[in-house]
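All heavy atoms count here, side chains included; hydrogens, waters and symmetry mates do not.
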Amino acid sequence: MWHKMRRSEIAAARQGILEAAQPSLMRLLGPGSGGLVVPGSGLNASATPVPIKPGKIAVLSQSTTIIAAGRNAGRNKPLVAIHCGRLAAVDATDGPLRAEDVFQAALRRAGWVSVDTLGALFEAVEAIARVRPQRGDSLAILGNGHGPGRIAAETLLRAGGRLGDLSPATLRHLEKRLQTRSHLSNPLALPPGMRADGWAAALSAMLADRRTDTVLTVCPPSPFVASDEVATALRAVSRQSQHKVLTAWIGGGAMLQAQRIAEAHGVLSHDSPERAIAEFLGVLNCRRNRDLLIQMPPSLAADSPPDSEAARSVVGEALSAAGETLSARHTRRLLQAHGIVVADTPAAPSIDAALLAAEQIGYPVDLALLLANGAVFDETAGGLPSPAEIRIAARDLRRRLRARHPARRVTGYRLRPNAARSGPRRCASASPAMPSSARSSSSPAARPATRARAAASSPCRRSS
C-alpha cells in the first residue's frame, strides 16, 4: 500500500500518527486550592456555595508571588491587589526598609494598584470597571456651603492629590448664575438655599471648563431641597458629559435613596468625601502605574556597561568581612560599579558637624557610626526628625557599641536621607499624627516631648 501513496499523503498520515501519540494536556489544581470558577462557561470546580454571575472582573488568589504573570497582564488590563504580609513584615523589621516595602514597590512597578482591605479591593474594582476613563490628575469640588467642600479639599491635599483651577470665564459665569458677589474658587461653595436646578447649572459649568478633569459633588442634607432631587439633576448633567463625576452624600441612611438614584445611571456614589477621594486617587494611581509599566528602560545601558571586576571585588570584600548585610560603603561601591549614581554622604567627625550635615540633607535622616580601621557597626538610627533626636540617637548608638564591642573606637558619624521618606511608612521616632512638613523642624516647645519619646523607645535599628 505504501508504494501506491503519494508523498503528500504519506506525510499527512505520518503527522496524524504523531499527533495521536502526543499525550493530552491536563490542568490540575493543587492541594488546598479553592478551585476554579468560569461563570461564562458554566464551570464551577470549586468548593464555594455562593453562585457567581458572569461579568468582566477576574479574581486570582495565590499564596506566593505572581508579579511576573501580572506584569504581562497589567499592560492591557488594570490590576488591583490585596497583599497579606504587613504583620509579618512588622515583626521582621530589620532596617530602614522592610521586605514589604520592596514588595509594594515591585507591585507598583508591575502596574498594580495595592489596597489594604477587602472593602477597598471591591471598591477599587468597581471604580475601575464602571466609571468613565479618568483623563487628568486634578479634582474640582462642588459643595453645598463652605464646610463640606473645604473638608474634601483638605482630604485630597493631605493624600497627595491636586485641586484643579477653574478658568476666569467659568468663575464669571458661575458668579452671574449663582447671583453672588463672593469670590468663587475651587472648591466651589453653593449658597445654602440652592435648589436642584442650581446644582445642575453649577456642575454643567464646571464640566464644560477645559481645565476640569473630574468633579466631586459633596451634598449634605438641606431643608431647602430633597437629596433625591439633587441626585436626579446631577445624574442628568453627568450623562451629557464625557468627564467623570463622583458624588458624596453626607447624612447616613437619609441619603441612601440619593445614592441609589446616582448609582443607577453609572455615577459612583459614596457616603463620605474621604471614600470618594480614595477612589479618585486609586484610579489615578492605577493609570500612573500602567504608564510606568510601559516605560521600559533597556536591560543594560549601551554607553555605560557595568564594571564586573569592581562589582566582584566589592562582593568579595563583603563576604570576607563575614557580615550579614552590605555596609553603606560596600553598597555605594556596588551601585557605582553598575552605573547607578549614589548620593554622597560625607563623614562628620563630630556630633556638631553631623547636625550641620543634617540641615543640608533635610530631615528626617538616618544616622550611623563610623569606626576605626573600617570596622562596621550594624545598627543605625532611622527617621530622626530633629537635632535633639540626633543627639539622643548618637548617645544610644555609642552605648550599644560599648556594650557589644568595648574595644572598638568611634571616629565619626554618617548621615543620609531617611530611606523611607518617599514611601507611606513613617519612622518609629516621629509622631504618626504629624505630617512630614511638621517633622522637618523642632520647636523648643516640642523638644521635651521629643526627648521623652525617644528615651522611652530607642530609634536604633539594624541596617539592611
Undergrad: Under a 3.5 Å distance rule, please check whether Ser41 uses its side chain to pair with a backbone N or O of Leu43 as donor and acceptor.
TA: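 The answer is no, because no donor-acceptor pair under 3.5 Å joins these two groups.
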Undergrad: Could you go through the side-chain contact (heavy atoms from CB on, under 4.5 Å) check for Leu369 and Tyr413 one step at a time?
TA: CA-CA 5 Å; Leu369 299 181; Tyr413 305 89; 3.5 Å; yes
Undergrad: With the side chain counted from C-beta on, respond yes when Asp271 and Trp249 share a heavy-atom pair under 4.5 Å apart, and no when they do not.
TA: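 Result no, sub-4.5 Å side-chain heavy-atom pair not found.
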Undergrad: Mind listing the closest non-hydrogen atom pair of Val218 and Pro148 along with its distance?
TA: CG1-CB, 3.6 Å
Undergrad: Which value, rounded to the nearest 0.5 Å, describes the distance between Ser185 atom OG and Leu166 atom CG?
TA: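 So the gap between those two atoms works out to 8.0 Å.
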Undergrad: Over all heavy atoms of both residues, which pair between Met206 and Ala140 is shortest? Give the atoms and the distance, please.
TA: CE-CB, 3.6 Å
Undergrad: What distance separates Leu415 CG from Leu367 CG, expressed to the nearest 0.5 Å?
TA: 5.0 Å
Undergrad: Write down the atom of Ala393, the atom of Ala381, and the distance for their closest heavy-atom approach.
TA: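 Result for this residue pair: CB-CB, 3.5 Å.
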Undergrad: Flag the pair Ile390 / Ile351 as yes when at least one side-chain heavy-atom distance between them is below 4.5 Å, and no otherwise.
TA: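 They are in contact (side-chain heavy atoms under 4.5 Å apart), so the answer is yes.
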Undergrad: Side chains of Trp199 and Asn144: does their closest heavy-atom pair fall under 4.5 Å?
TA: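 Touching, per the 4.5 Å side-chain cut-off.
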Undergrad: Is the shortest distance from a Lys or Arg side-chain nitrogen in Arg391 or Asp352 to a carboxylate oxygen in the other one below 4.0 Å?
TA: yes
Undergrad: Closest approach of Ala152 and Ile277, non-hydrogen atoms and distance?
TA: O-CD1, 3.0 Å
Undergrad: So which atom in Arg177 and which in Asp197 form the shortest heavy-atom distance, rounded to 0.1 Å?
TA: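 Closest approach of Arg177 to Asp197: NH2-O, 3.9 Å.
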Undergrad: Once you round to the nearest 0.5 Å, how far does OG1 of Thr170 lie from CG of Asn186?
TA: 11.5 Å
Undergrad: For the side chain of Arg195 and the backbone of Phe224, is there at least one donor-acceptor N/O pair under 3.5 Å apart?
TA: yes
Undergrad: As a quick check of understanding, evaluate side-chain contact (heavy atoms from CB on, under 4.5 Å) for Arg172 and Leu184, giving each step before the final call.
TA: CA-CA 9 Å; Arg172 287 194 298 269; Leu184 299 180; over 6 Å; no
Undergrad: Using 0.5 Å steps for rounding, measure from the CZ atom of Arg162 to the CG atom of Leu284.
TA: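 It is 9.5 Å, given to the nearest 0.5 Å.
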Undergrad: For Ala353 versus Ala348, what's the shortest heavy-atom pair and its separation?
TA: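 Ala353 and Ala348 have their closest heavy atoms at C-CB, 3.8 Å.
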Undergrad: Taking the side chain as C-beta and beyond, is there a heavy-atom pair between Leu203 and Leu142 under 4.5 Å?
TA: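 Yes, side chains in contact.
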Undergrad: Find the distance between CE (Met255) and OG (Ser269) and round it off to the nearest 0.5 Å.
TA: 10.0 Å
Undergrad: Quick one: are Arg260 and Leu256 in side-chain contact, heavy atoms under 4.5 Å?
TA: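 A side-chain contact exists here, since the closest heavy-atom pair is under 4.5 Å.
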Undergrad: Out of curiosity, Glu279 CD to Thr214 OG1, how far, rounded to the nearest 0.5 Å?
TA: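 Here the rounded value is 9.5 Å.
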Undergrad: Is there side-chain contact between Asn418 and Val365, with at least one heavy-atom pair below 4.5 Å?
TA: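 They are not in contact (no side-chain heavy atoms under 4.5 Å apart), so the answer is no.
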Undergrad: Is it the case that the side chain of Ser204 and the backbone of Ala200 share a donor-acceptor pair, with hydrogens and angles ignored and the cut-off at 3.5 Å?
TA: no
Undergrad: How about Asn44 and Ser46: does a side-chain donor come under 3.5 Å of a side-chain acceptor?
TA: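 On atom types as modelled, these side chains qualify, holding a pair under 3.5 Å.
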Undergrad: Between the side chains of Thr380 and Asp366, does any donor sit under 3.5 Å from an acceptor?
TA: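 No - no donor-acceptor pair under 3.5 Å links their side chains.
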Undergrad: Could you tell me whether the side chain of Val245 reaches within less than 4.5 Å of the side chain of Leu234, counting heavy atoms only?
TA: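 No - every pair of side-chain heavy atoms lies 4.5 Å or more apart.
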Undergrad: Would you say the side chains of Thr247 and Thr217 form a donor-acceptor pair under 3.5 Å?
TA: no
Undergrad: Checking side-chain contact (heavy atoms from CB on, under 4.5 Å) for the pair Leu246/Phe280: CA distance, chi angles, key distance, verdict?
TA: CA-CA 8 Å; Leu246 303 173; Phe280 168 77; 3.8 Å; yes
Undergrad: Any side-chain heavy atom of Leu163 sitting closer than 4.5 Å to one from Ile141?
TA: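 Result yes, sub-4.5 Å side-chain heavy-atom pair found.
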Undergrad: I would like to know whether His243 and Val215 meet side-chain contact (heavy atoms from CB on, under 4.5 Å); could you show each step before the answer?
TA: CA-CA 8 Å; His243 291 281; Val215 178; over 6 Å; no
